[in-house]
Amino acid sequence: MPTGRSTTLTDPAGPAGPAEIRTYKGQDRALRADRLGTAGLLLSVLAASAPLMVVAGVMPTTFGVMGIVGQPLLFVILGAVLALFSIGYAEMSRHVHNAGAFYAYIARGLGPTAGAGASLVALVAYSAMQVGVYGILGFEVSGLFATYLDIELAWWIPALAAVVLTGALGWLKIDLNAKVIGLLLLIEVVLVVVFDLAALGKPGPDGLSLHAFNPETLGGAGLGTALCFCIAAFVGFEQSPVYAEETSKPHIVVSRVMFLAVGFVALFFALSAWALTVATGPGEVVKASAEAGPGLLFQLTESRLGGAFTDTLHVLFVTGMFAAMLSFHNVVARYAFAMGREGLLPASFGRTNAGTGAPATGSLLQTVVSVVVVLAFAFTDDLPTGDPTAPVLHLFTWMGSVGALGVTLLMAAASLAVIAFFVRRGTAGAQVWRLVAAGLAGLALLGIAFWTVKDFGVLVGAEEGSALSWVLPGIIAAAAVVGVAYGLVLRSTRPEVHARIGLGNEAFRLDQAAESVEQVPHAPHAPHAPRG
């Protein structure tokens, strides 16, 4: 029955695939479908893992500060844990297509109130990770200006420039964003592979030693902290379902990309971490990393591949970070869009740009947040010209650790939600092996989250007894509490909004059915939103 608005919602699983999503709410309330295929989605999510930043920054820190020689083995183990997580998560992605991903899955499994809590945690966690990268990017760009142009540039100037550029790209079509991200990602991956081959071709004093894969190398007090650092390097693969509404065949592409991303990250980082131990020698990698810090990779490439390659690596280090920032920015914007569409944020967030189909208001929100945070760290810089280590040790480390904790807890909650979802649907028997995998992954992720909180002071470089050890992880706890409280308020005051948390475009079908029923005299009330 006509309502004066478009009344078709194309089926993304249709034989030819839709050109766009149509809802009776209009195009400004929908993301554009069929914008991403397997390659575009894979490159978009892999960019968040920032391969060069991990190899140059995370790995030397894990070797030098935590003293964990077995970092390559650690990446393999974490890859196995996250592959277990992906089994249930990928199956859930076949049934729920929602840009709200984590919170939508949690809402469908554990209820709308839990979903409301998860939505705010996701928004805060991904926003923190994105903003944190501006610190290390500003530090690196200011270093390049000093080295090659002899210009002293405060770190926050290039950081703010990156905020503006990222925000501008966030308004454009997602397929154009994927091309920009993909090109930058491929270049940095190639450069890291060249280093890996050079290191293996010219090994250190111990030759091609496999000692780093010996389980005994995982011993030591720094293991818990190393787990936290290394699992942060995987963040990105779980973003695949965020783009489900913008892919051609979400029931196939999303799960495929998830497994490809986990497998690639685990093998790529394990190989690169091993190459670092081979280049220095397993017995010397801890000492060399402690002395050189993030400069270790560049020292090793200088001696093996020359100054020109190393200079190129410095530049691509910056562009790789930019690709990661853009990837996180797009994810935050889509979470804000999904929350606006479902009433968790003002309705303006639930609209897209008419020309590009991008969630423009969510993109603008993340840009404003980034400007505020960068300026806050800039104004609290102690030295007149700025402490060159502050953006790395504070902005990057603090925000990155907060974000990693939030994402780890979301993955653990999503594992439980997967089990609850299929049990409530009465299909647990058919999915039993997937549910067992989800349960095992959930327990492992909870353990990692516990270690993260326990060692948070070490993670952020805080002194013993510092309030940062509980204030920073408290940000995630506060987001969860506020989100759940808001969910309870909605359940009491706006039950129709509460019932539709996590439904996404399915809520449009419900609204359309309700309007149609209202036009038929004496018709029964429309059914409540399905929670399975």
Side-chain angles (χ1 to χ4, degrees), residues 41-59 61-62 66 68 70-90 93 101-102 122 125-126 128-130 132-133 181 185 188-189 192 218 223-242 254-274 320-321 323-324 327-328 331 400-415 437-438 440-449 451-452 459:
L41 181 56
L42 180 61
L43 292 173
S44 294
V45 301
L46 283 177
S49 64
L52 189 51
M53 185 169 66
V54 171
V55 176
V58 173
M59 291 181 185
T61 301
T62 305
M66 290 83 181
I68 302 297
Q71 189 175 176
L73 178 59
L74 202 57
F75 278 114
V76 174
I77 293 172
L78 286 174
V81 170
L82 296 177
L84 281 176
F85 164 77
S86 297
I87 291 172
Y89 194 58
S93 74
F102 269 136
Y126 283 118
M129 295 198 80
Q130 197 257 356
V133 181
I181 289 172
L185 174 69
E188 65 174 314
V189 166
V192 173
L218 295 179
L223 178 59
T225 311
L227 275 171
C228 306
F229 266 82
C230 291
I231 199 168
F234 279 89
V235 171
F237 82 95
E238 81 294 340
Q239 297 172 7
S240 301
V242 173
V254 170
S255 58
R256 177 192 297 164
V257 165
M258 206 179 309
F259 285 110
L260 288 173
V262 171
F264 174 82
V265 170
L267 293 177
F268 182 81
F269 285 156
L271 174 63
S272 298
W274 177 52
M321 286 186 287
S327 178
F328 281 120
V331 168
S401 299
V402 168
L405 172 61
V407 173
T408 302
L409 288 171
L410 286 170
M411 286 194 287
S415 297
L440 292 174
L443 290 174
L445 289 163
L446 282 175
I448 293 172
W451 257 322
T452 302
L459 280 173

Val76 vs Leu267, side chain to side chain contact (heavy atoms under 4.5 Å, CB included): CA-CA, chis, key distance, verdict: CA-CA 7 Å; Val76 174; Leu267 293 177; 5.9 Å; no
Sub-4.5 Å side-chain heavy-atom contact between [X] and [Y]:
X: Phe229; Y: Met59; answer: no
X: Tyr126; Y: Phe102; answer: yes
X: Ile231; Y: Leu445; answer: yes
X: Phe259; Y: Ile87; answer: yes
X: Leu42; Y: Arg256; answer: no
X: Leu223; Y: Leu74; answer: yes
X: Met53; Y: Val58; answer: no
X: Phe237; Y: Val265; answer: no

Can you name the closest pair of heavy atoms from [X] and [Y] and give their distance?
X: Ala50; Y: Glu188; result: C-OE1, 4.2 Å
X: Gly406; Y: Ala125; result: CA-CB, 3.9 Å
X: Ala83; Y: Val262; result: N-CG1, 4.0 Å
X: Leu78; Y: Cys230; result: CD1-CB, 3.5 Å
X: Val45; Y: Ala261; result: CG2-CB, 4.3 Å
X: Ile181; Y: Ala47; result: CG2-CB, 3.0 Å

Output yes when a side-chain donor or acceptor of [X] lies under 3.5 Å from a complementary backbone atom of [Y], and no otherwise.
X: Ser415; Y: Met411; result: yes
X: Ser327; Y: Ala323; result: no
X: Tyr89; Y: Glu238; result: yes

Roughly how far, to the nearest 0.5 Å, is [atom2] of [Y] from [atom1] of [X]?
X: Leu227; Y: Ile77; atom1: CG; atom2: CD1; answer: 8.0 Å
X: Leu459; Y: Trp451; atom1: CG; atom2: CH2; answer: 13.0 Å
X: Ser240; Y: Leu260; atom1: OG; atom2: CG; answer: 9.0 Å
X: Phe75; Y: Phe234; atom1: CZ; atom2: CZ; answer: 6.5 Å
X: Met258; Y: Leu82; atom1: CE; atom2: CG; answer: 11.5 Å
X: Thr61; Y: Met66; atom1: OG1; atom2: CE; answer: 7.0 Å

In sequence, state the C-alpha distance, the side-chain angles, and the governing distance for Gln239 and Phe328, and then conclude on side chain to side chain contact (heavy atoms under 4.5 Å, CB included). CA-CA 9 Å; Gln239 297 172 7; Phe328 281 120; 3.3 Å; yes
Between Met129 and Val407, does a side chain to side chain contact (heavy atoms under 4.5 Å, CB included) hold up when you go through it step by step? CA-CA 10 Å; Met129 295 198 80; Val407 173; 4.3 Å; yes
